[in-house]
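Worksheet for the structure shown next.
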Amino acid sequence: MILPTASSPGWLLAGAAALAYMVPVFMGRHASGHAQRLAMTPGWLLHALALAAGLLGASPHFGFAPALSMTLWLVLATYAVEHQLLPQMQSRGAVIVMAVLAALVVLAAAAFPGLPLEERSSPWLALHLTFGIASYGLFAAAVVHAWLMVRAEQRIRQAAEMQGRMPLLALERLTFRFITAGFILLTATLAEGWLFGEQLYGHAPKWDHKTVFSVLAWATIAVLLIGRSRFGWRGRKAVRVLYVGAALLLLAYVGSRFVLEIILGRAT
């Protein structure tokens, strides 16, 4: 089976975005955080153009790789806005990691653009995809913040210098705001898929792998939020539950579509 790939303009945009994302990586950890973020901007803009070419072109496609690409683009956008509002929210190491991941996923989206969307003309599809990708982006941002939270906790335990950095409790509250917002959108995505599944997919809702993993992810995050509210879960315990929920959510769409599109080579 020959897998579909992006058009030549799509490849050019994806390649240019990947190269631009490598600039802050080559600058290294000794460059200032401000310089790294400025260096990320051209890659982020080219990344947006590459996504638009895949979704709004003459033959729109969508699949596991574009979903990952859009998710990371949203995380980068969130990080940029957040830093403007909270200047103490900084991590040069995180910028380098996100730049490398962004370069990889933008190329992956060009190599594996997914399946055509023309056959699914339901007006609910755009809303369903928007809710789903937005929830992916919010949970991905929550995972990044949870990682930063764990690092901050380690620095405190090691009595390292924390001057100029966001307080641990403030970082924890911010993480749970992302989790709560992602949970709300995930709930809306599941509800829409269940109520309008026939219009979206051409058949009644069924308990396939995507649905099972999505419901498990929803239940895991619900347990986390209840545990936080009722039992005061925090720190590494809360982070571990978040990681489990995020992994299940990743398996729900990205994992199932990867298996169908790449391993099994099926269109549905």
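A continuous path of Ile, Leu, Val, Met, Phe, Trp and Tyr side chains, each step under 4.5 Å between heavy atoms, connects I133 with L101, placing both in one hydrophobic cluster. With hydrophobic clusters built from ILVMFWY side chains whose heavy atoms lie under 4.5 angstrom apart, F62 shares a cluster with V259. In this structure, L225 is not a member of the same hydrophobic cluster as L169, with clusters built from ILVMFWY side-chain heavy atoms closer than 4.5 Å. Hydrophobic clustering places L74 together with V97 (ILVMFWY residues linked when any side-chain heavy atoms are closer than 4.5 Å, directly or through intermediates). Linking Ile, Leu, Val, Met, Phe, Trp and Tyr residues whenever their side-chain heavy atoms come within less than 4.5 Å leaves I226 and L216 in two separate clusters.
Looking at V144 and F178, their side chains never come closer than 4.5 Å, going by heavy atoms from C-beta outward. Within the 4.5 Å cutoff, the side chain of W73 has heavy atoms near those of the W44 side chain. Counting only heavy atoms from C-beta outward, the side chains of I221 and F139 approach each other to under 4.5 Å. Counting only heavy atoms from C-beta outward, the side chains of F183 and L138 never approach each other to under 4.5 Å. Considering only heavy atoms from C-beta on, F112 stays 4.5 Å or farther from H61 through its side chain. Looking only at side-chain heavy atoms (C-beta outward), M27 and I96 stay at 4.5 Å or farther from each other. V105 places none of its side-chain heavy atoms less than 4.5 Å from the side chain of M70. Put simply, the side chain of Y136 reaches to within 4.5 Å of the side chain of Y253, judged on heavy atoms.
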Quick one: do L68 and L250 satisfy side chain to side chain contact (heavy atoms under 4.5 Å, CB included)? Show the steps, please.
CA-CA 9 Å; L68 282 176; L250 186 66; 3.8 Å; yes
Apply the test side chain to side chain contact (heavy atoms under 4.5 Å, CB included) to residues Y21 and V100: give CA-CA distance (whole Å), side-chain angles for both, the deciding distance (0.1 Å), then the verdict.
CA-CA 7 Å; Y21 276 135; V100 172; over 6 Å; no
Test K210 against L251 for side chain to side chain contact (heavy atoms under 4.5 Å, CB included), laying out the working first.
CA-CA 7 Å; K210 182 177 69 172; L251 290 172; over 6 Å; no
In sequence, state the C-alpha distance, the side-chain angles, and the governing distance for W147 and V143, and then conclude on side chain to side chain contact (heavy atoms under 4.5 Å, CB included).
CA-CA 6 Å; W147 176 68; V143 168; 5.6 Å; no
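Here the shortest heavy-atom pairing between L107 and A14 reads CD2-O, 3.9 Å. For A140 against T71, the heavy-atom pair with the smallest separation is CB-CG2, 3.7 Å. For L49 against L13, the heavy-atom pair with the smallest separation is O-CD1, 3.7 Å. Scanning both residues, A17 and V106, for their nearest heavy atoms gives CB-CG2, 4.2 Å. Of all heavy-atom pairs between M98 and V75, the closest is SD-CG1, 3.8 Å. Considering all non-hydrogen atoms of both residues, A102 and L72 come closest at N-CD2, 3.0 Å.
Of the possible polar contacts, none joining the T180 side chain to the R177 backbone as a donor-acceptor pair under 3.5 Å is found. Side-chain atoms of S69 never come within 3.5 Å of backbone atoms of A65 as a donor-acceptor pair (strictly under, hydrogens ignored). With H47 contributing its side chain and G43 its backbone, the two residues share no donor-acceptor pair below 3.5 Å.
Between M22 atom CE and M40 atom CE the span is 9.0 Å, to the nearest 0.5 Å. Atom CG of residue L171 and atom CG of residue L148 lie 6.0 Å apart, to the nearest 0.5 angstrom. Here the straight-line distance linking atom NE2 of H145 with atom CE of M149 works out to 10.5 Å at 0.5 Å rounding. Going from atom CG of L174 over to atom CD1 of I179 covers 10.0 Å, rounded to the nearest 0.5 Å.
Checking each of T189, L249, T187, L248 against W218 for a side chain to side chain contact (heavy atoms under 4.5 Å, CB included) leaves exactly one that passes, namely T187.
Listed by chain and residue number, W207, D208, V215 satisfy the side-chain contact (heavy atoms from CB on, under 4.5 Å) test with T211 (two or more places apart in sequence, or in another chain).
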Identify each donor-acceptor pair in which a side-chain atom of residues 228-237 lies under 3.5 Å from a protein atom, sequence neighbours left out, and give them as a table.
unit_1, atom_1, unit_2, atom_2, d
R228, NH1, E172, OE1, 3.4
R234, NE, E172, OE1, 3.4
R234, NH2, E172, OE1, 2.8

